[in-house]
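Naming: A, B, ... by sequence-line order, numbering from 1 per chain. Because the structure is predicted, anything quoted here is derived from the model rather than measured.
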Protein chains: 2
Amino acid sequence: MLYSKYCEYSIRALAYLGANSQKKNYLLVKEISEKTNIPCAYLHKIFQDLASNTNWIVSKKGRNGGVTMSIESRKIKLMDIIKLCDGVQTIRKCIFGGEKECKAHPKCKMYEYCSYILNEITTFYEKTTLDVIAKMDPF
Amino acid sequence: MLYSKYCEYSIRALAYLGANSQKKNYLLVKEISEKTNIPCAYLHKIFQDLASNTNWIVSKKGRNGGVTMSIESRKIKLMDIIKLCDGVQTIRKCIFGGEKECKAHPKCKMYEYCSYILNEITTFYEKTTLDVIAKMDPF
DNA sequence: TTTAAACATTATAAAAAGGTCTTTTTATCC
DNA sequence: GGATAAAAAGACCTTTTTATAATGTTTAAA
């Protein structure tokens, strides 16, 4: 619940892709789906979105087609994926609700109070790149 | 996105209630709804659920009725509310997905890797009680 | 006995998650 | 080169969950 399912899937799929697609090696969506336990059709949509909104992956239609990473996986942070899928506000919001409230009280004490943990979470997502995950061999 | 809207509302509503209902002082749901910016009908349901699943609040029907806190607000932690509304797994799950995966790999390195930040978050929710919030006067 | 309040139930809306089927692209086989 | 098969892309649909609204019922104090 730290992020949406869509986002969770994106992270898993990209981590797998990063770990297993050496350059010019196209992987089948079906294979990735099975290995990462993500519904195949849904994964298709995720890769479509990733392909059209980022330069992280390249897909190839037709025989011998598939999906491959087009950037080094150490360059993709969890934070990048979360921002893309769920938006920035996902993380940087007061436990008390949206930013709206906080802007109404620019010196909102609640927000100050939360900021320590929000910073910790942010740092964690910033420092965790896909290759860090790959090294843990979670598949 | 750290928790559901339902949970966020519950926190806000309880915080307001804790801060404003001295014992035996019943507050109108309508008033709470306006002050906390929660849709009135929805708030009704939240209070119903709280009344039947916890011993935190008491409601009184009829004229001069309303809702009041039946426990000291320093005894309610954010964690309690989150557990109640969204379930424990909300917090204590690996960034890689459910516990299922982690149980399959009992020594899952990903889970180990996450546990620091998960502990930080848990601690934050454990230490933040409703009276801590009330002291910040966020309404 | 009226009236103000919570309670209960049902319906609606919107978003998230997932599935199905058709189209397009592309390598390979003949 | 044309046929074929394998793959992603794309459009559309269904289901589930979440959030909200509306409406009537019950309770109890004045």
What pairs with [X] under side chain to side chain donor-acceptor pair (under 3.5 Å), at least two apart in sequence or on another chain?
X	answer
Arg63(B)	none
Glu126(A)	Lys77(A)
Tyr16(B)	Glu31(B)
Thr128(A)	Tyr113(B)

Check your understanding: Which residues, if any, of residues 39-56 of chain B bring a heavy atom under 4.0 Å of DNA chain C?
Key ->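 Close to the strand are His44(B), Gln48(B).
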
Check your understanding: Considering residues at least two apart in sequence or located in another chain, which fulfil the ring pair (Phe, Tyr, Trp, His ring centres under 6.0 Å) criterion with Tyr9(B)?
Key ->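 By the ring pair (Phe, Tyr, Trp, His ring centres under 6.0 Å) rule, Tyr9(B) matches Tyr42(B).
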
Check your understanding: Within the pair Tyr9(B) and dT20(D), is there a side-chain N or O less than 4.0 Å away from OP1 or OP2?
Key ->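 Affirmative; the distance criterion is met.
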
Point to revise | Short side-chain N/O contact from Ser59(B) to OP1 or OP2 of dA5(C), under 4.0 Å | key: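 For Ser59(B), the contact criterion (side-chain N or O under 4.0 Å from OP1 or OP2 of dA5(C)) is not met.
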
**Study point:** Glu72(B)/Lys75(B) salt bridge by N-O under 4.0 Å criterion
**Key:** yes

Atom pair distance, as rounded to whole Å: [atom1] in [X] and [atom2] in [N]:
X	N	atom1	atom2	result
Asp86(A)	dA15(C)	CG	P	15 Å
Glu31(B)	dA4(C)	CD	P	17 Å
Leu17(B)	dA6(C)	CG	C1'	14 Å
Tyr26(B)	dA30(D)	OH	C1'	17 Å

Run the side-chain donor-acceptor check on residues 44-52 of chain A: report pairs under 3.5 Å with partners two or more places apart or on a different chain.
from: Asp49(A); atom 1: OD2; to: Tyr6(A); atom 2: OH; distance (Å): 2.4
from: Ser52(A); atom 1: OG; to: Gln48(A); atom 2: O; distance (Å): 3.2
from: Ser52(A); atom 1: OG; to: Asp49(A); atom 2: O; distance (Å): 3.3

**Study point:** Under the salt bridge (Lys or Arg N to Asp or Glu O under 4.0 Å) test, residues paired with Lys127(A) that sit two or more places apart
**Key:** none

Exercise for review: Let me have a per-nucleotide readout for nucleotides 23-29 of chain C, 5' to 3', with B, S or -, counting only protein heavy atoms under 4.0 Å.
Suggested key: --BBBS-

